[in-house]
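Below, chains carry the letters A, B, ... as their sequence lines are ordered, and counting in each starts from 1.
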Amino acid sequence: AQSVAQPEDQVNVAEGNPLTVKCTYSVSGNPYLFWYVQYPNRGLQFLLKYITGDNLVKGSYGFEAEFNKSQTSFHLKKPSALVSDSALYFCAVRDMDAQAGTALIFGKGTTLSVSS
Amino acid sequence: ETGVTQTPRHLVMGMTNKKSLKCEQHLGHNAMYWYKQSAKKPLELMFVYSLEERVENNSVPSRFSPECPNSSHLFLHLHTLQPEDSALYLCASSQLLAGDEQFFGPGTRLTVL
């Protein structure tokens, strides 16, 4: 069965400092991995995805994520946090061998709070 | 905003009312999804439509009834809901490619009195 774990409910970081939001996954085959962000009272916005190729994926708003197959992780990172990055972040996975149209499996979300 | 729109954005209804949520995608996608997002709970997948056919129904109570008349539109019909059904209901769409991301609408904030 597919699953995603986001071990931290909340991450606090000061503006200008680097940030990391953790995600680990479990799939039977190879994974497609995604990060989404949600601002209050809004839908989820796509940030980046890993399909294949380079393990370091760059996405929107200066975010990047590193795929680590041996650790089954896909942590989201940003070198210098902004107050406007404060939001709820979701990691999601789909098994590469899953039937097309199969929905993503989402983690429970991590609230990122960036203080000025 | 994304190419997925949802109406209404807010809805307050009594337990005996019947209402419908509407989702429309302008992205040419061929798969659509309904999710329920409750406070402090993981995102819950409710229904999946692929090429206008329902392919997944995650044990959702019958008081929620989806309808997908074409690849651009998705409805969620609501009747005799319970207060615990109050949540943010999110619609999403994607291409029928396993590696494609889902695009989400802004959601409908539903309150059941």
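The CD atom of B:Q102 sits 11.5 Å away from atom NZ of A:K49, with the distance rounded to the nearest 0.5 Å. Expressed to the nearest 0.5 Å, how far CZ of A:F34 lies from CG of B:D100 amounts to 7.5 Å.
The hydrophobic cluster containing A:Y61 also contains A:L48, counting ILVMFWY residues as joined when their side-chain heavy atoms lie under 4.5 angstrom apart, directly or transitively. In terms of hydrophobic clustering, with Ile, Leu, Val, Met, Phe, Trp and Tyr side chains grouped at heavy-atom distances under 4.5 Å, A:F46 and B:F104 are assigned to a common cluster. There is a path of hydrophobic side-chain contacts, each under 4.5 Å, that joins A:F63 to A:V11. In terms of hydrophobic clustering, with Ile, Leu, Val, Met, Phe, Trp and Tyr side chains grouped at heavy-atom distances under 4.5 Å, B:M32 and B:L76 are assigned to a common cluster. With hydrophobic clusters built from ILVMFWY side chains whose heavy atoms lie under 4.5 angstrom apart, B:Y33 does not share a cluster with B:Y49.
The contact between B:Q37 and chain A is made entirely by side chain atoms (from C-beta outward), counting heavy-atom distances below 4.5 Å. Looking at A:L88, only its side chain comes within 4.5 Å of chain B, counting heavy atoms on both sides.
Among the candidates A:L104, A:L44, A:I105, the single residue satisfying the side-chain contact (heavy atoms from CB on, under 4.5 Å) test with B:L43 is A:L44.
The number of heavy-atom neighbours closer than 6.0 Å to CD of B:E53, taken from other residues, nucleotides and ligands shown, is 12 or below. When the shell of 6.0 Å around NZ of A:K108 is examined, it contains more than 12 heavy atoms from other residues, nucleotides or ligands.
Remark: side-chain polar atoms of A:Y32 are not paired, donor with acceptor, to backbone N or O of B:E101 under 3.5 angstrom.
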What do the steps show when you test A:F106 against B:Y35 for ring pair (Phe, Tyr, Trp, His ring centres under 6.0 Å), and what is the final call? CA-CA 11 Å; A:F106 284 86; B:Y35 289 88; 5.6 Å; yes

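When all heavy atoms of A:Q38 and B:L88 are compared, the closest pair comes out as NE2-CD2, 3.8 Å.
The candidate with the highest count of non-hydrogen atom pairs below 4.5 Å against chain B, out of A:F90, A:Y36, A:Y50, is A:Y36.
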